[in-house]
Amino acid sequence: MKFNTKTIHGGQKLDPAYGSVMPPIYQTSTYAQTTPGGHKGYEYSRSSNPTRTALENSLASIENGNYGLAFASGLAAIDAIIKLFEPGDEVISTSDLYGGTYRLFTSIFEKFGIKFNFIGMENASNIENYMNDKTKLIWVETPTNPMLNIIDINAVATIAKKHDILLAVDNTFATPYLQQPLDLGADIVMHSATKYLGGHSDLVMGGLIVKDKNLADRLYFIQNASGAVCGPQDSFLALRGIKTLHIRMQRHCENGKAVAHFLKKHPNIENVYWPGFESHPNHHIAKEQMKDFGGMVSFTTKGNNYEEAIKLVENLKVFTLAESLGGVESLAGHPASMTHASIPKEEREKTGVVDSLIRLSVGIEDEDDLIADLKQAIG
Ligand SMILES: *Cc1c(COP(=O)(O)O)cnc(C)c1O
């Protein structure tokens, strides 16, 4: 089955009761048993729920995995991965990563004795410098947030395999429409389904997908034991979102490209960060591991003025000023005052998050309206 069919049918069965085309929302916590242990595969909805199962099967299918697990949020999914490890274990992570992931690693798991090394991975061989016999996981996010750096998943997977450790990839920005990390050698794919998979800014959810049965069993044990599962209603919404992932992503990419090129030509714009430009440092890797370049575009304005950047995002009318990304509607964010405000100026500027940086999640509206909106706001 090809990807555009998998988003709709992958892992799905007609409901046996009445043949409903969409899985029913099984809004129940428990299931009747005829005799102790005599049930139809479901006992209690933290452990499993048929609507969640339908979503988990869809997740596994679209990422070319064998097992999917759905969580209450993207961070809950990451939390389950790190719970595979023990005090003394080490993780090597990309340094340019989602702020919430950084907070979870440093403020929660470091307390429990897990050590995190945050490093640049644009050159994958840098990882070898931090590898030792305590290293258990490499954590990769690509493209990264908000600088849209690209990491070579295949090259990192080769290093992980050589040392017999796990590689997890946060595939939130790319989605399986653009890249399928398990096929490139990753062991775990993670999603904030809140973003493109859900696609309509109407839920918070996370997902993990793996190929290996033993790893799936260990993650399932943690999911059930820790309990950060998503409910049946949200599972239904995420499934509905996934059914249009391929056509939404196609338009996100088209509009993203149009916006990136418009910004690049604009006299008041300094830098445009988008992996589709040949001048992007890892464009050649993006071209190889991604089908297209996605709908995320970041840019800075000439003069790098903090107040001017705030004015610009305030002046946008079609783009909504908001955190998050990946919905059908276009969003704009100002990392220095929003998502990255807690990071000291000096620190954030090291990774490129300067005062005038603006991050766009380009939606699927008409391209002309998006460009006209940017034109009037930039001035
Ligand atoms: C939003 C996001 C997360 C966290 O997911 P939540 O669903 O908000 O918990 C993790 N990684 C990336 C890249 C994200 O954009």
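Below, each value reflects all heavy atoms present in this structure, side chains not excepted, and no hydrogens, waters or symmetry copies. For ligands, and for the atoms within them, numbers begin at 1 and follow the listed sequence.
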Using a plain distance cutoff, I'd like to know if V204 has any nitrogen or oxygen under 3.5 Å from a nitrogen or oxygen of ligand 1. no

Answer yes or no: does atom NZ of K287 have more than 12 heavy-atom neighbours from other residues, nucleotides or ligands under 6.0 Å? no

For E128 and H163, run side chain to side chain donor-acceptor pair (under 3.5 Å): C-alpha distance rounded to whole Å, both residues' side-chain angles, the deciding distance at 0.1 Å, then the answer. CA-CA 10 Å; E128 291 281 8; H163 294 270; 2.8 Å; yes

Side chains of N304 and E270 only: does a donor on one sit below 3.5 Å from an acceptor on the other? no

With a sphere of 6.0 Å drawn around OH of Y102, does it hold more than 12 non-hydrogen atoms of other residues, nucleotides or ligands? no

In this structure, atom 4 (C) of ligand 1 is nearest to the protein heavy atom Y98 CE2, 3.4 Å

Could you list the atoms of ligand 1 found under 4.0 angstrom from a heavy atom of E141? 13 (C)

Suppose we measure from atom 5 (O) of ligand 1 to each protein heavy atom; which comes out shortest, and what is that distance? S192 OG, 3.0 Å

Any side-chain donor near an acceptor of the partner, T244 and R248, under 3.5 Å: yes

Heavy-atom contacts with S73 under 4.0 Å: which atoms of ligand 1 show up? List them by number with element. 7 (O), 9 (O)

What protein heavy atom sits nearest atom 1 (C) of ligand 1, and how far away is it? K195 NZ, 1.4 Å

So is I78 polar-close to ligand 1, meaning N/O to N/O under 3.5 Å? no

With atom 11 (N) of ligand 1 as the reference point, say which of T172, T101, D170 has the nearest heavy atom. D170

Is the Y306 ring parallel, tilted or perpendicular to the H334 ring (thresholds 30°, 60°)? perpendicular

Near M205, which atoms of ligand 1 are under 4.0 Å from a heavy atom of that residue? 7 (O)

With a sphere of 6.0 Å drawn around CD of E329, does it hold more than 12 non-hydrogen atoms of other residues, nucleotides or ligands? yes

